[in-house]
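Here, residue 1 is the first one in the sequence, and each next residue gets the next number. All values below come from the heavy atoms of this structure, side chains included, with hydrogens, waters and symmetry mates left out.
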Amino acid sequence: MGKLVYDSTFTAEFDDRLLTHLQIVIGMKLRRGESFMFSWKDDVELGDGRTAIWLDRSMPLVFRYSGSRVPAVNRAWIEALGLTAGSSAGLRIVPEPTDTGETL
């Protein structure tokens with residue numbers, strides 16, 4: 001499990017494959033100067049609730065991976081996550097498309 005560290009005070013764990021895709025989408029949005037909300041459903045161990053954070057280029061982010069290999073990137077998943085990031089609800093985790101199509 002990799003970790004997303006937000007503002008040096010909050011840490012969320014995600015699978016390395018998912019975290020790689022989130023890093024790409026978040027990086028694209030922040031490079032364009034776009035601030036946005038990112039929300040996800042918490043694990044049952046954390047109370048089965050939801051967490052939401054506001055992402056802005058002024059907030060420090062760290063993407064820390066448990067593995068050393070960079071997973072293949074699924075372009076269709078990047079596009080699906082990017083669509084949610086551009087919505088009024090903000091970035092949400094959606095399932096990886098089963099038809100992986102082109103990888104990067």
Could you tell me whether a side-chain N or O of Asp16 sits under 3.5 Å from a main-chain N or O of Ser66, the two making a donor and an acceptor?
yes
With ILVMFWY side chains joined below 4.5 Å, transitively, what does Val62's cluster contain besides itself?
Val5
Output, in order, the C-alpha distance, side-chain angles, deciding distance and verdict of side-chain contact (heavy atoms from CB on, under 4.5 Å) for Leu4 and Glu13.
CA-CA 6 Å; Leu4 170 66; Glu13 291 188 352; over 6 Å; no
Heavy atoms of other groups near Arg69 CZ, more than 12 under 6.0 Å
no
When rounded to the nearest 0.5 angstrom, what is the spacing between CD1 in Ile53 and CG in Leu61?
6.5 Å
Please check: side-chain N/O of Asp7 versus main-chain N/O of Pro60, any donor-acceptor pairing under 3.5 Å?
no
Could you walk me through whether Met37 and Leu91 pass side-chain contact (heavy atoms from CB on, under 4.5 Å), step by step?
CA-CA 6 Å; Met37 189 67 68; Leu91 176 60; over 6 Å; no
Under a 3.5 Å distance rule, please check whether Tyr65 uses its side chain to pair with a backbone N or O of Met1 as donor and acceptor.
no
Please check if the side chain of Asp56 supplies one atom and the backbone of Ser58 the other of a donor-acceptor pair under 3.5 Å.
yes
Hydrophobic clusters here meaning ILVMFWY residues chained together by side-chain heavy-atom distances under 4.5 Å, can you tell me if Leu55 and Leu83 are in one?
no
Look up atom OG in Ser88 and atom CZ in Phe36, then write down how far apart they are to the nearest 0.5 Å.
14.0 Å
When rounded to the nearest 0.5 angstrom, what distance separates CZ in Phe63 from CG in Leu22?
7.5 Å
Students often mix this up, so state it plainly: with edges at 30° and 60°, are the rings of Phe14 and Trp40 parallel, tilted or perpendicular?
perpendicular
Between Met28 and Ile78, is a side-chain contact (heavy atoms from CB on, under 4.5 Å) present by the stated rule, with each step listed?
CA-CA 10 Å; Met28 288 187 310; Ile78 297 293; 3.8 Å; yes
Give a yes or no answer on whether the side chain of Thr84 reaches the backbone of Arg92 with a donor-acceptor pair at less than 3.5 Å.
yes
Between the CG atom in Asp42 and the CZ atom in Arg50, the distance rounded to the nearest 0.5 Å is 9.0 Å
Side-chain (Trp77) to main-chain (Val94) donor-acceptor, under 3.5 angstrom
yes
What pair of heavy atoms forms the shortest contact from Val25 to Leu81, and how long is it?
CG2-CB, 3.8 Å
The reported gap from CZ in Arg31 to CD1 in Ile26 (rounded to nearest 0.5 angstrom) is 11.5 Å
Assess the residue pair Thr51 and Phe10 against the criterion (side-chain contact (heavy atoms from CB on, under 4.5 Å)); give the C-alpha distance rounded to whole Å, side-chain angles, the decisive distance to 0.1 Å, and a yes or no.
CA-CA 11 Å; Thr51 299; Phe10 177 78; 3.7 Å; yes
Examine distances only and state if a side-chain atom of His21 and a backbone atom of Val73 form a donor-acceptor pair shorter than 3.5 Å.
no
Can Glu34 and Arg57 be counted as an ion pair, charged N to O under 4.0 angstrom?
no
Taking every non-hydrogen atom, the tightest pair across Ala72 and Arg17:
O-NH1, 2.5 Å
